[in-house]
Amino acid sequence: MALIGLLRDNTEHVYNNEFDRLTTWCDENYLKINAKKTKEIVWDFRKKQNDKGCLKLDGNVIERVHEYKYLGTFIDDKLKFDKNIDEIVKKGNQRLYWLRKLNTFKVSNVTLKLFYETVIQSILVLTCMHGL
């Protein structure tokens, strides 16, 4: 579940009201939000940012983070995907190692191609589909 809000010119109260509406809706529909697992990430591009506010759920403060992994994609509060790209490159390099190992065992080109398409290419295509 994600709540996305636009903050501009002292509109934090609107954001807080939307969060309250979300929690009320969840309660009415028998959904429980786990405050300990819930994180908040804020994209605030105003010149004067306000870090005073914090969200509370059932008396627990929602932790504000600068980076979050959402559906397998790392997102930060500056909307940069550096960490996500680093993770993809790391995964790709780990899997390329196994492709090179298979090649040293004189495996057929058909098998090498199959390994590449299923193990390496899949992470690249999946990443592109998620929004990079």
Side-chain angles (χ1 to χ4, degrees):
M1 180 180 327
L3 172 66
I4 300 171
L6 174 63
L7 298 179
R8 57 179 135 154
D9 301 329
N10 299 319
T11 58
E12 287 87 0
H13 67 283
V14 175
Y15 175 69
N16 290 331
N17 289 343
E18 285 300 313
F19 182 74
D20 291 340
R21 283 185 52 213
L22 174 68
T23 56
T24 301
W25 182 88
C26 287
D27 289 340
E28 290 171 355
N29 289 282
Y30 307 104
L31 298 172
K32 180 75 174 154
I33 301 173
N34 188 336
K36 293 178 182 175
K37 292 183 179 180
T38 303
K39 308 290 183 225
E40 175 189 26
I41 186 167
V42 176
W43 295 287
D44 188 354
F45 299 109
R46 298 177 293 179
K47 290 180 182 177
K48 256 187 171 179
Q49 295 180 0
N50 184 1
D51 285 339
K52 294 178 186 174
C54 62
L55 295 178
K56 289 189 179 182
L57 181 64
D58 298 330
N60 298 316
V61 175
I62 302 296
E63 179 186 1
R64 184 174 286 180
V65 296
H66 297 287
E67 182 178 87
Y68 187 72
K69 186 175 183 180
Y70 184 71
L71 296 176
T73 302
F74 286 95
I75 304 170
D76 69 9
D77 58 356
K78 302 296 182 210
L79 287 178
K80 296 192 180 204
F81 292 90
D82 297 342
K83 175 153 183 164
N84 195 56
I85 292 168
D86 291 342
E87 288 294 316
I88 294 164
V89 168
K90 180 180 166 185
K91 274 185 189 179
N93 283 334
Q94 289 171 343
R95 293 171 184 202
L96 280 172
Y97 168 81
W98 292 110
L99 182 66
R100 288 190 298 271
K101 274 292 196 197
L102 282 174
N103 193 33
T104 61
F105 295 130
K106 306 296 183 210
V107 175
S108 72
N109 285 342
V110 173
T111 305
L112 290 174
K113 182 180 177 195
L114 181 63
F115 180 85
Y116 172 79
E117 289 173 348
T118 56
V119 177
I120 299 170
Q121 187 179 26
S122 63
I123 63 166
L124 301 176
V125 171
L126 180 65
T127 302
C128 291
M129 289 173 40
H130 276 308
L132 267 186

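Checked by atom type and distance alone, the side chain of Trp43 pairs as donor or acceptor with a backbone atom of Asp76 at under 3.5 Å. With hydrogens and angles ignored, the 3.5 Å screen pairs a side-chain donor or acceptor of Arg95 with a backbone N or O of Val119.
We find the OG1-CZ distance between Thr24 and Phe19 to be 10.0 Å, quoted to the nearest 0.5 Å. Atom CZ of Arg21 and atom CG of Asn17 lie 9.0 Å apart (nearest 0.5 Å). Separation of atoms CG (Asn93) and CD1 (Ile88) is listed at 12.0 Å; rounding is to 0.5 Å. Annotation: the span from Ile85 atom CD1 to Lys80 atom NZ amounts to 11.0 Å, rounded to 0.5 Å. Separating the CD1 atom in Ile120 from the NZ atom in Lys91 is a distance of 13.0 Å, to the nearest 0.5 Å. With rounding to the nearest 0.5 angstrom, the CG atom of Asp86 is 10.0 Å from the CZ atom of Phe74.
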Give the table of side-chain donor-acceptor pairs shorter than 3.5 Å for residues 100-118, with sequence neighbours excluded, one pair per line with atom names and distance.
unit_1, atom_1, unit_2, atom_2, d
Thr104, OG1, Lys101, O, 2.5
Ser108, OG, Thr111, N, 3.3
Ser108, OG, Thr111, OG1, 3.0
Thr118, OG1, Leu114, O, 2.8
Thr118, OG1, Phe115, O, 3.4

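Ile33 pairs in a side chain to side chain contact (heavy atoms under 4.5 Å, CB included) with only one of the listed residues (Thr38, Asp27, Asp58), which is Thr38. The one candidate from Asn16, Val61, Thr23, Asp20 that meets the side chain to side chain contact (heavy atoms under 4.5 Å, CB included) condition with Lys56 is Val61.
Nearest heavy-atom pair across Arg64 and Val42 is NE-CG2, 3.6 Å.
Judged by the 6.0 Å and 45° rule, Lys39 forms no cation-pi pair with Tyr68.
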